[in-house]
A.B. asks: 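Dropping a structure here in structure tokens format, bear with me for questions.
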Amino acid sequence: MHPTSLYERLGGIYNIATVVDDFIDRIMVDDRLNANPRVDEAHHRVLPPGFKYLVTEMVGEATGGPQRYTGRTMKDSHRDMLITGDEWEAFIDDFNQTLEKFKVPQQERSELLVIVESTRDSIVVGPAS
């Protein structure tokens, strides 16, 4: 039997957690994101291990795994950051760099990007530059 869920095709929670670990490390130091003082402040207020835990939970659930996301909504956790469209594009660029690093196959990459893009309207609230 072939694995069917995206979760299974990605190799389960250990692989997902490894990719999330790299991705969060990448966005935490991205000058394109930290140029926004509200994002920079959040990156210093929220400790990476907890952030990585919640994102891993979220990706596990969103890809069909047994995990359940226990954090705040995307709207609630990003509302005050005034994230712009350009910052979103930098975030997506970081995401793609991480997926490339781990050689995630194109089909799974596309499905992951659809999931991530589905959160855009809850995250991007600032004006376009």
Side-chain angles (χ1 to χ4, degrees):
M1 185 172 135
H2 295 287
T4 52
S5 73
L6 178 55
Y7 179 84
E8 292 170 315
R9 286 181 280 130
L10 292 170
I13 202 64
Y14 293 107
N15 285 355
I16 290 169
T18 300
V19 170
V20 168
D21 182 65
D22 179 84
F23 177 58
I24 300 303
D25 286 346
R26 194 180 298 275
I27 65 172
M28 290 297 228
V29 299
D30 187 333
D31 293 336
R32 298 172 297 177
L33 302 176
N34 290 323
N36 177 332
R38 293 166 182 252
V39 171
D40 187 53
E41 188 273 328
H43 284 173
H44 287 89
R45 181 173 28 90
V46 178
L47 296 176
F51 189 32
K52 291 173 181 183
Y53 172 80
L54 288 171
V55 174
T56 299
E57 241 182 19
M58 181 188 302
V59 175
E61 177 173 1
T63 57
Q67 294 73 26
R68 291 297 164 253
Y69 175 62
T70 59
R72 298 186 302 158
T73 66
M74 291 300 97
K75 196 175 242 6
D76 284 349
S77 54
H78 294 86
R79 177 187 298 131
D80 298 328
M81 291 192 211
L82 305 180
I83 292 171
T84 67
D86 288 346
E87 289 160 355
W88 175 262
E89 292 306 320
F91 171 84
I92 293 296
D93 179 53
D94 287 335
F95 187 61
N96 280 313
Q97 288 180 48
T98 290
L99 297 181
E100 184 65 34
K101 175 180 175 178
F102 290 99
K103 309 240 181 296
V104 175
Q106 192 55 53
Q107 175 66 38
E108 286 71 21
R109 279 175 88 138
S110 298
E111 290 177 52
L112 285 166
L113 281 164
V114 166
I115 292 167
V116 173
E117 286 289 344
S118 75
T119 67
R120 186 187 197 281
D121 290 346
S122 298
I123 293 173
V124 177
V125 294
S129 58

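Only heavy atoms go into these numbers, but all of them, side chains included; no hydrogens, no water, no symmetry mates. Keep in mind that what you see is a predicted model, and the values were worked out from it rather than measured.
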A.B. asks: Output the distance between atom CD1 (I123) and atom OG1 (T73), rounded to the nearest 0.5 Å.
C.D. replies: 10.0 Å
A.B. asks: Do V55 and L47 sit in one hydrophobic cluster, given that two such residues count as connected whenever their side-chain heavy atoms are within less than 4.5 Å of each other, even indirectly?
C.D. replies: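 Result: no, two separate clusters.
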A.B. asks: Taking side chain as C-beta onward, heavy atoms only, is V116 less than 4.5 Å from W88?
C.D. replies: yes
A.B. asks: Could you please spell out the steps behind the side-chain contact (heavy atoms from CB on, under 4.5 Å) verdict for K52 and D25?
C.D. replies: CA-CA 9 Å; K52 291 173 181 183; D25 286 346; 2.7 Å; yes
A.B. asks: Using 0.5 Å steps for rounding, measure from the CG atom of L54 to the CD1 atom of I24.
C.D. replies: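 Answer rounded to 0.5 Å: 9.5 Å.
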A.B. asks: Any chance you could measure E61, atom CD, to Q67, atom CD, to the nearest 0.5 Å?
C.D. replies: 8.5 Å
A.B. asks: Of the non-hydrogen atoms in H78 and S122, which two are nearest, and what is the gap between them?
C.D. replies: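 Closest heavy-atom pair between H78 and S122: CB-O, 4.3 Å.
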A.B. asks: Any non-hydrogen side-chain atom of V39 less than 4.5 Å from a side-chain atom of I83?
C.D. replies: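 They are in side-chain contact.
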A.B. asks: Where do M74 and Y69 come nearest, in terms of heavy atoms and distance?
C.D. replies: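 Taking M74 first and Y69 second, the nearest heavy atoms are CE-OH, 3.5 Å.
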A.B. asks: Heavy-atom distance under 4.5 Å between the side chains of E41 and M81, does that happen here?
C.D. replies: no
A.B. asks: With no hydrogens and no angle check, is any side-chain donor or acceptor of N15 less than 3.5 Å from a backbone partner on L10?
C.D. replies: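 It does hold such a pair.
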A.B. asks: Taking side chain as C-beta onward, heavy atoms only, is I92 less than 4.5 Å from E117?
C.D. replies: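 The answer is yes, as the side chains (C-beta and beyond) meet within the 4.5 Å cut-off.
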A.B. asks: Find the distance between CG (N34) and NE2 (H43) and round it off to the nearest 0.5 Å.
C.D. replies: 5.5 Å
A.B. asks: In this structure, would V104 and V114 fall into the same cluster of hydrophobic residues linked by side-chain contacts under 4.5 Å?
C.D. replies: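 Looking at the clustering, V114 is in a separate group from V104.
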A.B. asks: Please check if I13 and F102 belong to a single hydrophobic cluster, counting links between Ile, Leu, Val, Met, Phe, Trp and Tyr side chain heavy atoms closer than 4.5 Å.
C.D. replies: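 Linked, I13 and F102 end up in one cluster.
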A.B. asks: Between CZ of R38 and CD of E87, what distance do you get to the nearest 0.5 Å?
C.D. replies: 11.0 Å
A.B. asks: Once ring pair (Phe, Tyr, Trp, His ring centres under 6.0 Å) is applied, do any residues pair with Y7, and if so which ones, sequence neighbours excluded?
C.D. replies: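 Partners of Y7 under the ring pair (Phe, Tyr, Trp, His ring centres under 6.0 Å) test: none.
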A.B. asks: What pairs with R32 under salt bridge (Lys or Arg N to Asp or Glu O under 4.0 Å), at least two apart in sequence or on another chain?
C.D. replies: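 So R32 forms a salt bridge (Lys or Arg N to Asp or Glu O under 4.0 Å) with D30, D93, D94.
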A.B. asks: Hey, are the side chains of L112 and F95 touching, using non-hydrogen atoms and a 4.5 Å cut-off?
C.D. replies: yes
A.B. asks: Find out whether V59 and I115 are in side-chain contact, i.e. whether some heavy atom of one side chain is under 4.5 Å from a heavy atom of the other.
C.D. replies: no
A.B. asks: List the atom of P48, the atom of M28, and the distance in Å for their closest heavy-atom pair.
C.D. replies: CG-CE, 3.8 Å
A.B. asks: Could I get the full list of ring pair (Phe, Tyr, Trp, His ring centres under 6.0 Å) partners for F51, not counting sequence neighbours?
C.D. replies: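 Ring pair (Phe, Tyr, Trp, His ring centres under 6.0 Å) check on F51 returns nothing, list empty.
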A.B. asks: Taking all non-hydrogen atoms of both residues, which atom of R109 and which atom of N96 are closest, and how far apart?
C.D. replies: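 Closest approach of R109 to N96, heavy atoms only: NH2-O, 3.4 Å.
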A.B. asks: Just wondering, do L82 and V125 contact through their side chains at under 4.5 Å, heavy atoms?
C.D. replies: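 They are in contact (side-chain heavy atoms under 4.5 Å apart), so the answer is yes.
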A.B. asks: Looking at CG of L6 and CD1 of I16, how far apart are the two atoms once the value is rounded to the nearest 0.5 Å?
C.D. replies: 7.0 Å
A.B. asks: For the side chain of E57 and the backbone of T70, is there at least one donor-acceptor N/O pair under 3.5 Å apart?
C.D. replies: yes
